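If you're wondering where the values come from, they're calculated on a predicted model, not measured in any experiment. By convention in this document, chain letters (A, B, ...) are assigned in the order of the sequence lines, proteins followed by strands, and residues within each chain are numbered from 1.
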Amino acid sequence: TPVIDKILCYSCNIYRFSLWVSYFKVSYARPSSASIRDANLYVSGLPKTMTQKELEQLFSQYGRIITSRILVDQVTGVSRGVGFIRFDKRIEAEEAIKGLNGQKPSGATEPITVKFANNPSQKTNQAILSQLYQSPNRRYPGPLAQQAQRFRLDNLLNMAYGVKSRFSPMTIDGMTSLAGINIPGHAGTGWCIFVYNLAPDADESILWQMFGPFGAVTNVKVIRDFNTNKCKGFGFVTMTNYDEAAMAIASLNGYRLGDRVLQVSFKTNKTHKA
DNA sequence: TCAGATT
């Protein structure tokens, strides 16, 4: 559809047009039947360089692919290393799991995980559910919440009087891009924080409650054992702003949660294997 | 004692 997006000359009617072209796919819905139900696979551990085409090539040996997708970071556009493959038939998906789960694609250094995808209609929004949950000590702010509150006030004063904090995100980001150095925990979309010594029954809501008062938290995760579903003793929190993350770490490292003393720091790259 | 990711 041509659209006038600029009038270059009113008197002689010269316009600049822009032309937007959209592509649609229209097709009959596939008749539902047991044979095509649950034929959708979730794939993780993909090499970040793998394209959708290469992903399809890898899986096409097991059957007809209906759709495929690689998830990308919304900011950087780079692959998140996870994706989806929907096969025509469930039996094809089962064969693909048998053949590819735990295998290294040619040229890859890490094995991929292939399993049936969750059904998106039954997903729960963990973040919203957790944040709706309010514990009594949140309603009556303790020392922790007061510290976070002071910090926010401090931020407002900085903004009002133009005082730059030494932890200002601008300074840090400028340093990062100029020197090309890697700062622990910095993931591009936020600052990843490692929380150690969580109790086996810890859940995401406790992380939201602890870190939320310090600023913008975009993600929390309690790492659980696959079989027991108990917390493995640690978790991760992603915060948007460096100074808020730094304040949360400074305040929460050594914090006593129940009968445990937490260790809180920026996430490092160390692996738990070997 | 430093993951997993769900269109």
Give a yes or no answer on whether the side chain of [X] reaches the backbone of [Y] with a donor-acceptor pair at less than 3.5 Å.
| X | Y | result |
| --- | --- | --- |
| A:E204 | A:V222 | yes |
| A:R90 | A:D38 | yes |
| A:R37 | A:A39 | no |
| A:D225 | A:T228 | yes |

Could you work out which one of [options] sits closest to the side chain of [X]?
| X | options | answer |
| --- | --- | --- |
| A:S265 | B:dT6, B:dA3, B:dC2 | B:dC2 |
| A:F236 | B:dC2, B:dT6, B:dA5 | B:dC2 |
| A:F194 | B:dA3, B:dT6, B:dC2 | B:dC2 |
| A:Y196 | B:dT6, B:dC2, B:dT1 | B:dT1 |
| A:Q263 | B:dC2, B:dG4, B:dT1 | B:dT1 |

Problem - Ring centre gap for A:F84 and A:Y42 strictly below 6.0 Å - result: yes
Fill in the blank from the handout: Sorted by chain and residue number, the salt bridge (charged side-chain N to carboxylate O under 4.0 Å, His left out) partners of A:E95 (sequence neighbours excluded) come out as A:K98
Please report the distance, rounded to the nearest Å, between [atom1] in [X] and [atom2] in [N].
| X | N | atom1 | atom2 | answer |
| --- | --- | --- | --- | --- |
| A:R224 | B:dG4 | CZ | C1' | 13 Å |
| A:I193 | B:dA3 | CD1 | C1' | 15 Å |
| A:L41 | B:dT6 | CG | P | 16 Å |
| A:D203 | B:dA3 | CG | P | 21 Å |
| A:I112 | B:dA3 | CD1 | C1' | 18 Å |
| A:I85 | B:dT6 | CD1 | P | 18 Å |
| A:F234 | B:dC2 | CZ | P | 6 Å |
| A:N219 | B:dG4 | CG | P | 13 Å |

Practice task
Could you identify which residues of residues 43-60 of chain A place a heavy atom less than 4.0 Å from some atom of DNA chain B, listed by residue number, or say none?
Solution key: none
Exercise for the section: Using a heavy-atom cut-off of under 4.0 Å over every strand shown, decide if A:R69 touches base, sugar-phosphate, or nothing. Expected result: sugar-phosphate
Exercise for the section: Kindly indicate whether the side chain of A:V264, heavy atoms from C-beta on, has any atom under 4.5 Å from the side chain of A:M210. Expected result: no
